[in-house]
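One structure is given below, encoded as structure tokens.
Counting convention: from 1, in listed order, for ligands and their atoms alike.
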Amino acid sequence: MDCNVLVFNCGSSSIKFQLLKVDTEQVLAKGSVERVGSIDGTITFESAAGETTANEPVPDHAAGMTLIREAFKRGGFDLDNAGIVAIGHRVVHGGAAFSAPVLINDEALTAMRDVSVLAPLHNPANIIGIERASAAFPKLPQVAVFDTAFFQNLPAAASTYAVDRQLASDNGIRRYGFHGTSHQYVSGRVPLMLNRDPSELNQIVLHLGNGASVAAIRGGAPVETSMGMTPLEGLVMGTRSGDIDAGVIFHLHRVAGMSVDQIDTALNRKSGMVGLSGVNDFRDLHALVAGGDHDAQLALDVYIHRIKKYVGAYSAILGRLDAITFTAGIGENDSIVRSLALAGLEGFGIVIDSERNNAKTRGARVISADDSRVAVLVVPTNEELEIAQQTLDVVKKRM
Ligand code: AMP
């Protein structure tokens, strides 16, 4: 049976795509349309034949889909005969409605629109992407894979905020968690790498990218995660504060006279590493630290302190920890952050081997010392592959 899946990740001004052969995990082609909604958009397309970039007007997502079809054609792929069995879409928020990927139909789209209020910056663009892809590829089943779904069945003790229950249920206030596709993919790879039974493994996964989150997973099921009702909670991020006393928000409103939108921008876009140091790329941050910049040093200290606090808390929740895994842009590439984050945790059985940690290897690898009771790993995340696999599973169930 053919098992190629086309994956879309539609944002408000971009469409990223990948064509994957799921059984061999091979990326046949990938690319992106950037600056959707503008006359000077760009489309990049990459396959075994090479990479091309073209500037084109992209007035809307429908135009973007047409450009993608044409780019595939120029790249030698006839999408109607490329063995594609389905299209998989990344959707940021599934709310309480979706704990698993879903085949798109009118009912699912209505439920997704209802959830949009929880992710007003992301879900509407995801839905537009689904509608435009359905029009551009009318014969292919479309599947939505939700970034929150992996965490939908968190234990109630972890997903519940201690606020008035009626207020919470009237307004969908609970901890949903995000980066679920990444946490699911990475935590699924760890037992394979360690040759362990997944049902016996207690893990912590640190997804450290521009957005960052940590998850505790017991026997394959998540039991805690650091992002909450929105992606603002938890670790320090590129531009987000992570955990903050909610009282700060009242103070900024009442005393500093800031509007809700201004506070939203301050905490989501102007905080975190950018707010503390002026930069959010860790390569720039380390250069500033090396040059003696005190703000950059404090930013790094706060960042590391927060990670360590979560590793300790999640170890306590798990009771016994078997593996800690780093993933995403910083987790995969930044050996300084990895070593600082786990420094001094030898008493917890966590020992990094510095040579393994500093090796310029790419790909999934173990970086703990042989005598470390807890395995420490780096596993490059692959959200597109996870979306493609889940999409294929949904489609196979219909056959
Ligand atoms: P992501 O959101 O997963 O794409 O991660 C993006 C972030 O990864 C960037 O903002 C950088 O801070 C970080 N990053 C990417 N490459 C490197 C690198 N070679 N060394 C350190 N940090 C990196």
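For atom 18 (C) of ligand 1, the closest heavy atom belonging to the protein is Asn333 CB, 3.3 Å. Among protein heavy atoms, atom 10 (O) of ligand 1 sits closest to Asn280 O, 3.6 Å. When only non-hydrogen protein atoms are considered, atom 13 (C) of ligand 1 lies nearest to Ile330 CG1, 3.4 Å. Looking from atom 12 (O) of ligand 1 to the surrounding protein, the closest heavy atom is Phe282 N, 2.9 Å. Nearest non-hydrogen protein atom to atom 9 (C) of ligand 1 is Asp281 OD2, 4.2 Å.
With Ala212, Gly211, Ser182, Gly329 as candidates, the residue nearest to atom 23 (C) of ligand 1 on a non-hydrogen basis is Gly329. In the candidate list Arg283, Glu383, His286, Glu332, Arg283 is nearest to atom 20 (N) of ligand 1, counting heavy atoms. Compare Thr327, Thr239, Asn210 by their heavy atoms: the one nearest to atom 1 (P) of ligand 1 is in Asn210.
Listed by number with element, the atoms of ligand 1 under 4.0 Å from a non-hydrogen atom of Asp334 are 21 (C). Heavy-atom proximity to Gly209, at under 4.0 Å, picks out these atoms of ligand 1: 1 (P), 2 (O), 3 (O), 5 (O).
A donor-acceptor pair under 3.5 Å is absent between the side-chain atoms of Asn202 and the main chain of Arg218, judged by distance alone. Checked by atom type and distance alone, the side chain of Lys308 pairs as donor or acceptor with a backbone atom of Ala343 at under 3.5 Å.
Looking at Thr381 against ligand 1, nothing comes within 4.0 Å, counting heavy atoms.
In this structure, the side chains of Leu194 and Leu377 come closer than 4.5 Å at one or more pairs of heavy atoms.
Arg175 has a carboxylate O that lies under 4.0 Å from a charged side-chain N of Glu224, or vice versa, which qualifies the two as a salt bridge.
Ring centers of Phe178 and His93: under 6.0 Å apart, within the cut-off.
The side chain to side chain donor-acceptor pair (under 3.5 Å) analysis of residues 43-61, with sequence neighbours excluded, yields the pairs Ser32-Thr44.
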_Steps toward salt bridge (charged side-chain N to carboxylate O under 4.0 Å, His left out) verdict (Arg69, Asp80)_ = CA-CA 10 Å; Arg69 252 189 180 286; Asp80 294 322; 3.4 Å; yes
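The cationic atom of Arg306 (NZ for Lys, CZ for Arg) does not lie both less than 6.0 Å from the six-membered ring centre of Tyr310 and within 45° of the ring axis.
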